[in-house]
Amino acid sequence: MATVMQKIKDIEDEMARTQKNKATAHHLGLLKAKLAKLRRELLTPTSKGGGGAGEGFDVTKSGDARVGLVGFPSVGKSTLLNKLTGTFSEVASYEFTTLTCIPGVIMYKGAKIQLLDLPGIIEGAKDGKGRGRQVISTARTCNVILIVLDAIKPITHKRLIEKELEGFGIRLNKTPPNLTFRRKDKGGINFTSTVTNTHLDLDTVKAICSEYRIHNADVSLRYDATADDLIDVIEGSRIYTPCVYVVNKIDQITLEELEILDKLPHYCPVSAHLEWNLDGLLEKVWEYLDLVRIYTKPKGLNPDYEDPVIVSSKKKTVEDFCDRIHKDMVKQFKYALVWGSSVKHKPQRVGKEHELDDEDVVQIIKKI
């Protein structure tokens, strides 16, 4: 492990020394690829010894979505969990009060949201310091990450946590790169682009691919991609997670300072201790989770508005809705009657490919 750490440090030092220009782009691309490979080695050690990969804390996934609280020690993560969920997580004025992962559940707009209070991470967590590896491995399983920042401490904390999460392959508030990478058996590296490229050229692409021992591949870009984007696609283990920056303890700063913080994107100011703006935070989390509520209607009865079926906005067809209720339901499916904004008539008869909208009412008709 120490040698991998040393190699990572050497490469980072070399990248810091190298000037960024067109002549060095090829060399920097190579270094970035080497760095990504070493980071992956750190996450999943290849040795046959007893030490396993970077496992997370054993917390069973429950509810419709999972939200993780990440931050440095003593920024108010446990207080936030206590106020939002009513679960008890020990709170004290010293650092590292929370040593393991404590789950809580929020019921919001009919959805069960699991909230995880993760132990504080320290600088160097991505390299295995503290319990950083377990904290960040658990953060990878979350649908939304809440980065809790202290309003009194400088915003440099934000950059440090971002760096730790990026090092573990978690990309915050980003979409997957719009580029195609396809391996093939022969023909060398074929590089095409529909736009003018300022970061990548054929030599850089070849250098990055050769680092991964890929000598035949088609790479096509649809936007001005960087070397990091190409490495992310080749690695394939990156997770793109929405993130909200929760600035806590705003009761201890002035209004002028709060106005400066207001310029931050994806940000929500709260005071967990005084319970300021916790509703605003829940509303923001709901917006970033991007869930769709669908109500069921048994035949001859009124719709059940108390207990909606929650599906993701990316998977919201009638078939996905059936799968959420029971996996055998699709086999008996004949058609569905839908009331709501996704249809023109009320009710409308639809098939299982029909896409539903938030707060639609659905009645499933089975085959006899």
Side-chain angles (χ1 to χ4, degrees), residues 1-49 51-55 126-128 133 136-137 140 162-172 174-241:
M1 192 65 82
T3 52
V4 175
M5 295 287 301
Q6 192 53 49
K7 282 179 189 169
I8 286 178
K9 192 178 182 318
D10 292 347
I11 291 175
E12 282 179 340
D13 291 347
E14 192 176 337
M15 281 170 72
R17 283 197 304 271
T18 311
Q19 280 189 331
K20 288 181 178 67
N21 55 41
K22 268 191 175 172
T24 59
H26 168 266
H27 178 59
L28 278 169
L30 202 63
L31 290 177
K32 281 175 180 172
K34 280 183 179 169
L35 195 62
K37 277 179 75 179
L38 289 168
R39 285 263 159 78
R40 189 182 61 205
E41 235 173 87
L42 205 65
L43 256 176
T44 52
T46 48
S47 65
K48 293 182 177 68
E55 290 108 8
K126 65 177 183 295
D127 307 325
R133 192 176 302 170
I136 299 178
S137 294
R140 279 176 76 97
E162 279 171 354
K163 194 179 164 198
E164 299 301 322
L165 295 174
E166 291 264 329
F168 254 77
I170 298 174
R171 302 284 176 263
L172 303 172
K174 286 184 184 171
T175 50
N178 189 8
L179 62 93
T180 314
F181 175 83
R182 199 173 75 245
R183 295 179 196 225
K184 52 187 186 179
D185 296 332
K186 56 188 178 190
I189 301 288
N190 183 18
F191 177 62
T192 55
S193 173
T194 54
V195 292
T196 324
N197 286 101
T198 54
H199 303 291
L200 286 175
D201 55 9
L202 185 59
D203 291 340
T204 313
V205 172
K206 277 185 176 172
I208 292 169
C209 289
S210 68
E211 182 57 41
Y212 284 96
R213 298 200 176 99
I214 297 167
H215 305 296
N216 303 299
D218 287 334
V219 181
S220 65
L221 307 185
R222 293 183 201 86
Y223 76 115
D224 192 4
T226 61
D228 290 322
D229 292 337
L230 179 60
I231 291 165
D232 280 355
V233 171
I234 296 173
E235 281 276 342
S237 62
R238 303 294 183 245
I239 286 176
Y240 298 86
T241 312

Under 3.5 Å donor-acceptor, S220 side chain and F191 backbone: no

Please identify each residue that fulfils salt bridge (charged side-chain N to carboxylate O under 4.0 Å, His left out) with K32, with sequence neighbours left out. D228

Listing request: all salt bridge (charged side-chain N to carboxylate O under 4.0 Å, His left out) pairs with a residue in residues 187-206, at least two apart in sequence or in separate chains. none

Not counting sequence neighbours, which residues clear side chain to side chain contact (heavy atoms under 4.5 Å, CB included) with N178? List them please. R222, Y223

I'd like to check the side chain to side chain contact (heavy atoms under 4.5 Å, CB included) partners of R17; sequence neighbours left out, ordered by chain and number. D13, E14

Considering residues at least two apart in sequence or located in another chain, which fulfil the side chain to side chain contact (heavy atoms under 4.5 Å, CB included) criterion with H215? S210

By salt bridge (charged side-chain N to carboxylate O under 4.0 Å, His left out), which residues pair with R171, not counting sequence neighbours? E166, D232

Would you find a donor on one side and an acceptor on the other, under 3.5 Å apart, between the side chain of T226 and the backbone of H199? no

Within the 4.5 Å heavy-atom criterion, are L172 and I170 side-chain neighbours or not? yes

Is there any salt bridge (charged side-chain N to carboxylate O under 4.0 Å, His left out) pair reaching into residues 181-197, and which pairs are they, with sequence neighbours excluded? R182-D218, K184-D218

Taking side chain to side chain contact (heavy atoms under 4.5 Å, CB included) as the definition, give me every residue that meets it alongside E235, ordered by chain and number, with sequence neighbours left out. A36, K37, R40, Y212, I231, S237, R238

All side-chain hydrogen bond (donor to acceptor under 3.5 Å, both in side chains) counterparts of S193, not counting sequence neighbours: N197

